[in-house]
Amino acid sequence: MSSALAETKWQECLEIIRDNVNSQKFSAWFEPIKPVKLEDQVLTIQVPSQFWYEWLEEHYYSILRTTISKVIGADGKLQYSINMEQKESALDNVPHLRLPQRPAPPSQPSSINGMPRYGSSQIQNPFVIPGIQKHKVNPNLNSNYVFDRFIEGDCNKLARSAGMAIAESPGNNSFNPFFIYGGTGLGKTHLTQSIGNKIRQDYKDEKTILYTTSDDFINEFVHAIRNNRASEFSMVYRNIDVLIIDDIQFISGKEKTQEEFFHIFNALHQEGKQIILTSDRAPKDIPDVQERLISRFNWGLAADLQMPDYETRYAILERKALDNGIEFEPEILEFIATNFKSNIRDLEGAIIKLLAATSLQHIDHLDLHTAKRILKDMIKDTNKQITIDAIQTHVCDYFGIDTNKVREKTRKQEIVEARQIAMFLSKKLTKSSLKTIGLQFGGRDHSTVIHAITTVEDRMKTNTKHLQIVKDIEHKIELATI
């Protein structure tokens, strides 16, 4: 009878709470609660974890107090039973919530900054168990990525300056979120991790920092859903003080992930936690992302990283050589800075190749002539680099249509044909993955790209006119890159 009455009274409580809490929070925090018993005006409810109890106390005390008073009476009390995994009995030392007087926090909390410990075992994966030791969060930072090694130039001055300001006062600045965008190899990861390393150095264990990629975020979220741990996944991220997510553009088209990230973003921002995001394009240019998320990406500062100018490239080369304990002749650095213009990774690749060649070939003195010989193939590849953007431009010029049309969701026959040819050539002439190609064409998935490639190949086999069109466009693209 006690359990049946508890069920009835708790359902009455839920009806009141439902009217005062948004549906997402109600589903996440109140639906998993189970009524246990009702005795002497004390309603006992079971919650999944110690953290759950503390979260309810911190965020929903007022509504729980009011609701219990209405349903059970002014002398009504609420007692928590905490369901620990692999333990049948509730914790004996969990305090009662006595209404109407607010209770003190737990006298012996098994937690650090609100995140519970579970025995003395080491936590291997924070995303598959309820709670995480805050000091055990692996920030995933590369210690080599620091501000001292990030060369400043006109191409990145704004972003670097903002990054320094954020590192000095994370969360307490006008750059939240900090959204960094730019092409591949321009230093986005280096800059974001420099911020993380600086905060880690200055704040020690005061700030929980996490660097992750959007791919890892998506995969962890999918794993959490499959294992009925979505709420715990959310809890972990909401307790990060500095959250850095690389390549956020890959949440394009993933509605459930966007929904979850939206709520995590709001929770962090409201609590003054620092959010840092990177993308290969500006927020407004990311396709298939909810407008409310795009709007939030623009709340703080969006700064772009551009291709480095000659002076910056030269300074980067000097720094890389110094880091490796090698001094190159100025003529060699000038040669590399002049011929490697697209991104910083190409510069690093050139230095690494020279270092490897001098070591393996036992070259005592590296002169300009030898350096040119060693880097000959890389320079050829760099000059002949073909981009998806260039392919889209050539294809659209051939068909006399606006370049943006192939990125839109139109089904007009001539645009569909142009889009399919552009996808086919993007796969043939670049090293881009199907996923990357799809994103460059309005956020389409890899199956659409595969279908386009197959369609063009079939037409080329059966239609000589179509074969000639593709060959003509490919020839124009190759001529333009010589």
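Values below: all heavy atoms of this structure, side chains included; hydrogens, waters and symmetry mates excluded.
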Gln440 side chain to Asp389 backbone, donor-acceptor under 3.5 Å: no

side-chain contact (heavy atoms from CB on, under 4.5 Å) evaluation trace for Ile218 with Ile251: CA-CA 8 Å; Ile218 293 165; Ile251 66 171; 4.3 Å; yes

Glu348 side-chain N/O to Gly185 backbone N/O, donor-acceptor pair under 3.5 Å: no

Donor on one side chain, acceptor on other, Thr278 and Asp246, under 3.5 Å: yes

For Asp216 against Thr212, the heavy-atom pair lying closest together: CB-OG1, 3.3 Å

Minimum side-chain heavy-atom gap Glu329-Leu366 below 4.5 Å: no

Side chain proximity check, Gln306 to Leu186, heavy atoms < 4.5 angstrom: no

Student check: side-chain heavy atoms of Phe250 and Thr213 closer than 4.5 Å: no

Distance-only side-chain donor-acceptor flag, Glu152 / Asn156, under 3.5 Å: no

Pair Phe217 + Phe233: ring centers closer than 6.0 Å: yes

Distance (rounded to the nearest 0.5 Å) between Gln201 CD and Ser143 OG: 11.5 Å

Gap separating the CG atom of Leu293 from the CG atom of Leu277, nearest 0.5 angstrom: 9.5 Å

Crowding at NZ, Lys471 (>12 non-hydrogen neighbours, <6.0 Å): no

Non-hydrogen side-chain atoms of Asp402 and Cys396 separated by less than 4.5 Å: no

Check: His466 and Val470 side chains under 4.5 Å, non-hydrogen atoms: yes

Sidechain-backbone polar pair: Gln274 side chain, Gly171 backbone, donor-acceptor under 3.5 Å: yes

Met460 CE: over 12 foreign heavy atoms closer than 6.0 Å: yes

Test item: Glu474 side-chain N/O and Lys428 main-chain N/O as donor-acceptor pair under 3.5 Å: no

Under 3.5 Å side-chain donor-acceptor pair for Asp458 and Thr455: no

Gln193 side chain vs Asn142 backbone, donor-acceptor pair below 3.5 Å: yes

Separation between CD1 of Ile276 and CZ of Phe175, rounded to the nearest 0.5 Å: 12.0 Å

Heavy-atom neighbours of Arg200 CZ exceed 12 at 6.0 Å: no

Donor-acceptor contact present, side-chain Arg313 to main-chain Leu347, <3.5 Å: no

Residues Asp445 and Ser447: side-chain donor-acceptor under 3.5 angstrom: yes

Heavy-atom pair with the smallest gap, counting every atom of Arg444 and Glu408: NH2-O, 2.7 Å

Residue pair Phe178, Ile195: steps toward the side-chain contact (heavy atoms from CB on, under 4.5 Å) verdict: CA-CA 11 Å; Phe178 184 32; Ile195 298 171; 3.9 Å; yes

Side-chain touch Phe441/Val449, heavy atoms, less than 4.5 angstrom: no

Inter-residue atom distance Lys409.NZ - Ile415.CD1, 0.5 Å rounding: 15.0 Å

Pairwise distance CG(Asp285) to CZ(Arg407) - rounded to 0.5 angstrom: 9.0 Å

Over all atoms of both residues, closest heavy-atom pair of Pro170 and Val242: CB-CG2, 4.1 Å

Ser214 versus Gln249, side-chain donor and acceptor atoms under 3.5 Å: no

Minimum-distance pair of heavy atoms, taken over all atoms of Lys188 and Ile180: CD-O, 4.0 Å

Arg160 charged N/C atom sitting above Phe150 aromatic ring, 6.0 Å / 45°: no

More than 12 heavy atoms of other groups within 6.0 Å of Gln290 CD: yes

Lys405, NZ atom: more than 12 neighbouring heavy atoms under 6.0 Å: no

Heavy-atom donor-acceptor pair, Arg281 side chain to Pro287 backbone, under 3.5 Å: no

Verdict with supporting geometry, Asn197 and Ser194, side chain to side chain donor-acceptor pair (under 3.5 Å): CA-CA 5 Å; Asn197 278 315; Ser194 295; 6.0 Å; no

Ile386 backbone acceptor or donor facing Thr430 side chain under 3.5 Å: no

Spacing of NE2 belonging to His223 relative to CD1 belonging to Ile225, to within rounding of 0.5 Å: 11.5 Å

Nearest atoms (heavy-atom pairs only) where His269 meets Asn176: NE2-O, 3.0 Å

Atom of Tyr211, atom of Asn140 and distance for their closest heavy-atom approach: O-ND2, 3.0 Å

Side-chain donor/acceptor of Arg373 to backbone N/O of His369, under 3.5 Å: no

Criterion side-chain contact (heavy atoms from CB on, under 4.5 Å) on Gln258 and Val289, from CA distance to verdict: CA-CA 7 Å; Gln258 291 179 33; Val289 172; 4.0 Å; yes

Residues Arg411, Val416; criterion side-chain contact (heavy atoms from CB on, under 4.5 Å); working and verdict: CA-CA 6 Å; Arg411 299 300 302 169; Val416 170; 4.2 Å; yes

Note, Leu354 side chain near Ile336 side chain (heavy atom, < 4.5 Å): yes

Pairing residues for Thr370 by the side chain to side chain donor-acceptor pair (under 3.5 Å) criterion, not counting sequence neighbours: Asp367

Charged tip of Lys256 within 45° of Phe221 ring normal and under 6.0 Å: no

Any donor-acceptor N/O pair, Ser295 side chain to Glu291 backbone, under 3.5 Å: no

Validation row: Ile351, Leu317 side chains within 4.5 angstrom (heavy atoms): yes

Geometric class of the Phe297/Phe179 ring pair [parallel <30°, tilted 30-60°, perpendicular >60°]: tilted

